[in-house]
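Working notes, beginning with the structure itself.
Atoms within a ligand are numbered from 1 in the order they appear, just like the ligands themselves.
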Amino acid sequence: MATARKATEKKAVSTAKKKPTKRSSTRKSSSNDYDQSKIQVLEGLDAVRKRPGMYIGGTGSEGLHHLVWEIIDNGVDEAAGGFASSIDVTLHKDGSIEVADDGRGIPIGKKPDGRTALEVVFTELHAGGKFGSGAYSASGGLHGVGASVVNALSSKLVTEVDRDGFTWRLVFLEREPGNYLSSGKFKPSSKLAKVKKIPKNRSGTRVRFWPDLDVFDSEAHIESEQIREHVARVCFLVPGLKVVFHDKRGKGSKPETFVANGGLADYVDHLSIGETITDIVTIHDEATFEEKVPVDGKVSTVTRPCTIDIAARWVKGFDTTVVSFVNTIPTSDGGTHVAGFERALSRVANEELIADAKKLKKLAKHGDDRATPNDIQEGLVAAVKVTVPEPQFKGQTKQELGTPAIRNLVYETTKSGFTDWIAGGGKKIQVNALREKITQAVINRVAAKQQLDARRKAANLTSTGMPDKLADCRIHGPDSELLIVEGNSAAGPAKQGRDAETMAVLPLRGKVVNAGKASLKQVIENTEAQALITAIGAGSGRDFDVGQSRYGRIIILCDADVDGSHIRCLLLTLIYHHMRPLLEAGMVYAAQPPLFATKHKGEPVYAYDDAERETISERIGVPFEKWKRFKGLGEMNVDELAETTLNPATRILKRMNMDDGKEAQRAAKLFDVLMGSDVATRKEYIVSNSSLIDQELLDI
Ligand code: TTJ
C-alpha cells in the first residue's frame with residue numbers, strides 16, 4: 001500500500017456506455033402531479049429527520065461518519081464497476097464534506113415529470129438501487145442508506161455532474177432542489193444550472209454537503225483517522241483505485257493519496273503481524289451458479305456470474321484473522337463464502353498436508369490425528385471476497401452472506417488453489433513449515449486436553465479442588481465477586497478488608513502467560529492462568545459456560561504503575577482468549593485505586609490523579625506536602641484499601657468490554673516486544689502506544 005503525500009490533479013476518464021434508466025412513466029405529467037410528488041418527497045425526507053437513528057445509527061460522530069461513507073461508497077461503486085478510477089475526499093474548514101469521482105456522472109436527462117435522475121437520487125428514499133448503485137452496490141446491506149438520507153440530514157447539499165461537455169449543478173437548500181441566481185438569491189426549481197463548458201470526454205460526479213447542525217449532537221465530529229481507515233479498505237477492495245484524501249480543517253494539511261495495486265494481497269500483508277511462515281497465496285476464479293428469484297410474482301431460475309478472490313498466508317503467531325467481503329461490503333459475520341473457504345482448508349490440510357506426518361502416527365491410534373479448523377487456522381491471515389449481483393444477506397445485522405450456492409463455489413476454488421500450492425505452487429520450505437505448524441497445533445491441543453482431564457480428575461479428589469491461595473467467599477452467585485490481586489503485599493489487607501461473605505481474593509504470585517501468543521498447552525501449564533480458570537470454575541475456550549461462573553464479577557486489582565498495567569493487560573488478554581463470554585456479559589472490571597491520600601477534618605480524602613489532587617487541594621486548603629502518594633496497593637492499610645477498592649459504596653470500578661480485551665492484547669504484545677530493551681524507551685513506547693494505559697497514572 002503506497003501512500004504518497006502530494007497534491008494530485010483529477011484526470012478525465014473516457015465515458016463508458018450509458019445504461020438506460022428503467023424508470024420511465026407513461027403517465028402524462030401535470031403541475032398538480034409535480035406538486036404532489038414534491039410534497040411526498042419532503043414527507044419522505046422528514047421521516048428520516050424524525051428518526052435519524054433508524055437510518056444512520058445515531059446523531060453522534062458515528063452517524064456523521066455514516067453520511068460520509070454513503071457518499072464515498074457511491075463513488076466506490078462506480079469505480080468497482082470499472083467506470084471511475086479516482087475519488088477525491090475533502091473535509092472543508094466550514095464543516096462540509098466533498099466527494100468527487102471521475103465516473104460516468106449521475107444521469108441528468110429529464111424524466112416525464114420534469115425531474116432529473118440527479119434530483120431523484122437525492123430526494124427519494126432508496127432510489128440508490130436504480131442509479132448510483134447497481135446490483136453490485138457497495139452501499140448495500142445495512143450501510144446503504146441512500147444519498148437521499150444524506151440530503152435529508154444536511155442543511156445544504158451541492159451536487160455537480162460533468163457530462164456531455166458541461167458541468168451541471170443542482171443545489172439542495174434545506175432539502176429543496178434549486179439553484180442560486182447571480183443575485184445570490186436561491187430559486188427553487190428542478191432545472192439544473194449549466195455552470196461551465198468542459199472537454200466533451202470529461203465526466204464525473206461531485207457532492208458537497210453540510211451536515212445539519214440541528215440534527216447532529218454538538219460533539220459530533222469527523223475523525224480523519226476513520227476516513228483513512230475506510231478509504232484504505234476501499235482501496236484494498238478495488239485494486240488500482242486512487243483515493244486522494246485532504247483534511248483541510250487544520251493548518252498546513254496536505255492531500256494524501258491511497259492506492260493498493262495488489263488488492264487483497266496488499267490487505268493481507270497489511271494485516272500480517274510478526275514473522276511469516278508462508279508467502280501470500282492468491283486464488284482467483286470465475287464461475288456461475290443458478291439462483292431462484294421471484295420475477296413479477298413468479299419464481300424463475302437465473303444464472304449468476306460470480307468471481308472469487310482469496311489471499312491468505314500463515315504467520316508465526318496463534319491468532320486467526322479472516323476478513324471477508326461481498327462486492328465491496330464487509331461481511332463481519334462471515335457467511336457462505338467464508339464457510340466454503342474454511343471447509344476447503346480443513347479438507348486439504350488434513351488430506352494433502354498432514355496425512356502422512358510421522359509425528360501424528362502415535363495419535364492416530366485414538367483417532368486424534370486430525371487437525372480441527374482451529375488447529376489449521378492458528379496464525380492464518382486471510383481475505384475472502386466474492387463478487388455477485390444481488391447478494392442475500394442474513395443475520396440480525398445483515399453482515400453475513402446467505403446465498404447458499406456460494407459455499408460450494410468457494411469450497412472448490414479454495415480446494416484446488418490450496419492443493420496446487422501444496423503440490424508445487426508454493427515454495428517447498430514454506431509448505432513444510434506449514435505442515436510442521438499445523439502438526440504441532442494438533443499435538444499441543446491433544447496434550448493440553450489430556451492434562452486438563454487429568455487435572456480435573458485430580459481436582460475432584462481433593463476437598464474443594466480450588467487453588468490453595470484462593471481465599472474464597474462463602475456465598476457464590478451473581479452478587480459475589482472475585483478480586484484478583486497483584487502481589488502478596490496487597491493480598492493480606494485485601495483479605496482482611498473484604499466482606500468474606502461475598503468477596504473472594506486470588507493473589508497472583510508468578511508470571512501470567514501472554515495468552516495472545518501462547519499455545520493452549522502453554523496457557524494450561526501456566527500456574528496463574530490455571531488458578532484463575534479453576535477459581536472461576538466455568539471451564540475455558542469453547543467449553544466455557546458463563547452460567548457456571550462461581551462469581552458474578554471478576555475484579556482486577558493492580559498497582560497504578562507500568563508493571564501493574566502489564567499484569568492487567570495479561571489478565572484481560574487471558575480472559576479475552578479463554579473466557580471471552582465474561583467480557584461479553586460485562587462481568588469483568590478493573591479497580592481504579594487512588595494515587596494520593598490526605599486527611600481533612602480527620603476524614604481521609606483521596607485523589608485519583610494529579611489534576612484531582614490539585615482541585616481538591618484548592619477546595620479544602622491542604623498543601624501538596626500533606627498528601628501521601630501510594631506507590632502501590634501494598635502501601636495502603638486495611639482501611640484505605642477497604643474504602644477505595646473494596647467497599648462498593650465508595651470504590652471506583654471500570655467495566656471492561658470487548659474493545660478493552662482487544663486493546664489489552666495489543667498492549668500485551670507491545671510489552672512483549674519491548675521487554676529487555678532499554679527500560680526508559682520501552683516505557684515511553686508502551687505508554688504512548690496504548691490507550692488502555694492511563695499515562696497520567698504512570699510512575700515514570
Ligand atoms: C448510473 O448509471 C448511469 C451512469 O451513471 C451511473 C451513476 O449514477 N454513477 C455515479 C454515481 N457515479 N458517481 C456517483 C455518485 C458519486 C458520489 C460522490 C455521490 C453519489 C450520490 C453518487
Is [X] touching ligand 1 with its side chain, its backbone, both, or neither, if touching means heavy atoms under 4.0 Å apart?
{"X": "Val207", "value": "side chain"}
{"X": "Pro107", "value": "side chain"}
{"X": "Phe122", "value": "side chain"}

Legend entry - Residue list, ring-ring contact (aromatic ring centres under 6.0 Å, His included) with Trp314, at least two apart or on another chain: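 Residues passing ring-ring contact (aromatic ring centres under 6.0 Å, His included) with Trp314: Phe418.
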Legend entry - Any Ala147 heavy atom less than 4.0 Å to ligand 1: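 Judged by the 4.0 Å heavy-atom criterion, Ala147 does count as contacting ligand 1.
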Legend entry - Any Gly105 heavy atom less than 4.0 Å from ligand 1: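 Yes, that is the case, since the closest heavy atom of the residue is under 4.0 Å from the ligand.
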Inset, instruction - Please confirm whether the backbone N or O of Ile106 pairs with a side-chain atom of Thr205, one donor and one acceptor, at under 3.5 Å? - result: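 Side chain of Thr205 to backbone of Ile106: a pair is present.
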Inset, instruction - Determine whether the side chains of Thr307 and His284 contain a donor N or O and an acceptor N or O closer than 3.5 Å. - result: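 Looking only at side-chain atoms, His284 and Thr307 do not form any donor-acceptor pair under 3.5 Å.
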Inset, instruction - Run the numbers for me: atoms of ligand 1, each under 4.0 Å from some heavy atom of Glu78, listed by number. - result: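 Within the 4.0 Å cut-off of Glu78, ligand 1 contributes 6 (C), 7 (C), 9 (N), 10 (C), 12 (N).
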Legend entry - More than 12 heavy atoms of other groups within 6.0 Å of Lys185 NZ: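 Incorrect, the count does not exceed 12.
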Legend entry - Pair Glu124 + Arg115, salt bridge at N-O below 4.0 Å: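 Salt bridge flag = yes for Arg115 with Glu124.
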Does any N or O of ligand 1 fall below 3.5 Å from an N or O anywhere on [X], backbone included?
{"X": "Asp101", "answer": "yes"}
{"X": "Val99", "answer": "no"}
{"X": "Asn74", "answer": "no"}

Inset, instruction - Just jot down the side-chain hydrogen bond (donor to acceptor under 3.5 Å, both in side chains) partners of Thr90, sequence neighbours excluded, or say none. - result: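 Not a single residue meets the side-chain hydrogen bond (donor to acceptor under 3.5 Å, both in side chains) criterion with Thr90.
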Inset, instruction - Name the option, out of Ile106, Asp88, Asp77, that contains the heavy atom nearest to atom 11 (C) of ligand 1. - result: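 The residue whose heavy atom sits nearest atom 11 (C) of ligand 1 is Ile106.
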Inset, instruction - Would you mind finding which of Arg206, Arg104, Arg163 brings a heavy atom closest to atom 6 (C) of ligand 1? - result: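 Of the listed residues, Arg104 has the closest heavy atom.
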Legend entry - Phe393 six-ring face occupied by Lys398 cation (under 6.0 Å, within 45°):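 No cation-pi geometry.
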Inset, instruction - Please work out which of the three classes, parallel, tilted or perpendicular, describes the rings of Tyr267 and His270, given edges at 30° and 60°. - result: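 Rings of His270 and Tyr267: tilted, as their planes differ by 30° to 60°.
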